[in-house]
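Remarks on the structure that follows.
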Amino acid sequence: MEEQKSTSFNIYVGSLSDDIQDLDLALFFQSFGEIKLSRVIRDPVTGYTKGYGFVNFATEDAQLKAIAQEHVNIKGHKCFVKKQHRKGAADLDSATMQVRDEDAKRTLYVRNFPSTYSDDQLKAKFEALTGPVDRIRVHPDFCFLTFADFQTAERAMAQIRGAQMDGQTLMVQFSKS
């Protein structure tokens with residue numbers, strides 16, 4: 001039997017629901033093969049999920065079966081799956097949540113919105129919820145909304161949290177600096 005090149009066969013699972021637990025990931029992905037570890041990434045202060053997690057499989061075959069799915073439905077919530085290419089969750093978090101220091105206190109990180117809108121349409125949708133948005137930066141699975149000041153961003157966060165956009169519940173938090 002050929003020796004495995006790596007002992008790390010991780011996948012990244014994105015757009016997780018707020019109520020997801022480590023065990024939920026393990027139970028869902030166990031059908032693809034033996035799982036060594038499953039972990040939902042949480043904010044250390046609030047304990048809320050950051051909307052993504054990782055599953056470490058015992059074999060590459062199990063990992064490949066899981067990433068072949070691309071989109072999965074976990075606890076009634078559409079999520080996406082891909083191979084983890086970064087060293088760890090902290091690296092991924094800093095890459096996706098990084099904004100300029102001067103914008104950090106007035107910028108929101110939003111996920112779980114429909115991917116069918118153009119950037120301008122998405123900005124208009126958010127402005128209908130929050131009022132004026134100074135800047136929007138859209139990425140495939142998340143966006144940053146920058147507001148005039150901290151108080152406006154704080155009010156916008158309250159308006160966005162739990163709001164629905166085309167049947168999807170928006171998830172929001174302040175971005176990290």
Side-chain angles (χ1 to χ4, degrees), residues 11-25 28 38-55 71-82 84-177:
I11 63 167
Y12 169 88
V13 186
S15 292
L16 294 172
S17 66
D18 287 335
D19 65 342
I20 196 85
Q21 301 295 319
D22 295 346
L23 181 60
D24 297 322
L25 283 182
F28 181 84
S38 63
R39 182 165 174 225
V40 175
I41 304 305
R42 299 188 174 283
D43 181 290
V45 175
T46 66
Y48 292 123
T49 176
K50 290 190 174 187
Y52 65 92
F54 300 92
V55 177
H71 291 94
V72 295
N73 192 320
I74 302 174
K75 292 183 72 177
H77 195 80
K78 184 178 178 182
C79 305
F80 66 92
V81 179
K82 63 184 178 180
Q84 180 189 359
H85 293 287
R86 302 190 189 266
K87 291 179 184 176
D91 292 338
L92 182 63
D93 187 48
S94 66
T96 60
M97 303 282 288
Q98 195 71 32
V99 295
R100 295 186 318 217
D101 286 342
E102 64 269 19
D103 288 344
K105 295 210 180 333
R106 60 189 187 105
T107 301
L108 302 178
Y109 167 82
V110 183
R111 61 185 172 80
N112 204 37
F113 52 84
S115 60
T116 55
Y117 295 113
S118 70
D119 293 7
D120 290 337
Q121 290 171 322
L122 195 58
K123 183 177 180 186
K125 285 277 196 181
F126 280 115
E127 286 183 331
L129 282 172
T130 66
V133 173
D134 284 5
R135 183 172 64 234
I136 184 170
R137 288 171 291 167
V138 181
H139 300 269
D141 302 306
F142 63 94
C143 71
F144 293 111
L145 301 175
T146 302
F147 295 89
D149 53 42
F150 173 76
Q151 290 78 18
T152 305
E154 194 172 41
R155 282 192 304 274
M157 185 163 70
Q159 292 164 323
I160 294 171
R161 179 165 284 137
Q164 296 278 315
M165 188 178 287
D166 291 357
Q168 291 182 226
T169 303
L170 300 172
M171 298 178 195
V172 62
Q173 66 187 53
F174 275 101
S175 66
K176 307 234 187 236
S177 57

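When reading the values below, keep in mind they use all heavy atoms of this one structure, side chains included, and skip hydrogens, waters and symmetry mates.
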Is there side-chain contact between F113 and C143, with heavy atoms separated by less than 4.5 Å? yes
Contact between N112 and L170 at the side-chain level, heavy atoms closer than 4.5 Å - yes or no? no
Among all residues two or more places apart in sequence or in another chain, which pass the ring pair (Phe, Tyr, Trp, His ring centres under 6.0 Å) test with F28? none
Look at the side chain of S38 and the backbone N and O of D22, then say whether any donor-acceptor pair between them is shorter than 3.5 Å. yes
Run I136 and F126 through side-chain contact (heavy atoms from CB on, under 4.5 Å) and show every step you take. CA-CA 9 Å; I136 184 170; F126 280 115; 4.3 Å; yes
side-chain contact (heavy atoms from CB on, under 4.5 Å) between I11 and Q84: does it pass, once the steps are laid out? CA-CA 5 Å; I11 63 167; Q84 180 189 359; 6.0 Å; no
Hey, is R106 close enough to D134 for a salt bridge, meaning N to O under 4.0 Å? yes
Determine which pairs satisfy ring pair (Phe, Tyr, Trp, His ring centres under 6.0 Å) with at least one residue from residues 145-168, sequence neighbours left out, and list them in order. F150-F174
Inter-residue atom distance L108.CG - F142.CZ, 0.5 Å rounding: 14.0 Å
Can you give me the closest heavy-atom contact between L16 and R111, atom names plus distance? O-NH1, 3.3 Å
Are the side chains of D166 and K125 in contact, using a 4.5 Å heavy-atom criterion? yes
Atom CE of M165 and atom OG1 of T116: how far apart are they, to the nearest 0.5 Å? 9.5 Å
With side chains defined as the heavy atoms from C-beta onward, is the minimum distance between C79 and Y52 less than 4.5 Å? no
Going by atom type alone, with no hydrogens or angles, which donor-acceptor pairs under 3.5 Å involve a side-chain atom of residues 152-162 and a protein atom two or more places apart or on another chain?
{"residue": "T152", "atom": "OG1", "partner": "D149", "partner atom": "OD1", "Å": "2.7"}
{"residue": "T152", "atom": "OG1", "partner": "R155", "partner atom": "NH2", "Å": "3.4"}
{"residue": "R161", "atom": "NH2", "partner": "V172", "partner atom": "O", "Å": "3.1"}

Does R137 reach the side chain of T107, with side-chain heavy atoms less than 4.5 Å apart? yes
F144 and Y109 aromatic ring geometry - parallel, tilted or perpendicular at 30°/60° bounds: tilted
For the residue pair D19 and S17, confirm or rule out a side-chain donor-acceptor distance under 3.5 Å. yes
Answer yes or no: is there a side-chain heavy-atom contact under 4.5 Å between V40 and V13? no
If every non-hydrogen atom of I20 is compared with every non-hydrogen atom of R42, which pair is closest and at what distance? O-NH2, 2.6 Å
Over 12 non-hydrogen atoms of neighbours within 6.0 angstrom of NZ in K75: yes
Measure the shortest side-chain to side-chain distance between N73 and K78 over non-hydrogen atoms and say whether it is less than 4.5 angstrom. no
Which heavy atom in L145 sits nearest to a heavy atom in V133, and how many Å separate them? CD2-CG1, 4.1 Å
For Q168 and P114, the nearest pair of non-hydrogen atoms, with its separation, is OE1-CA, 3.7 Å
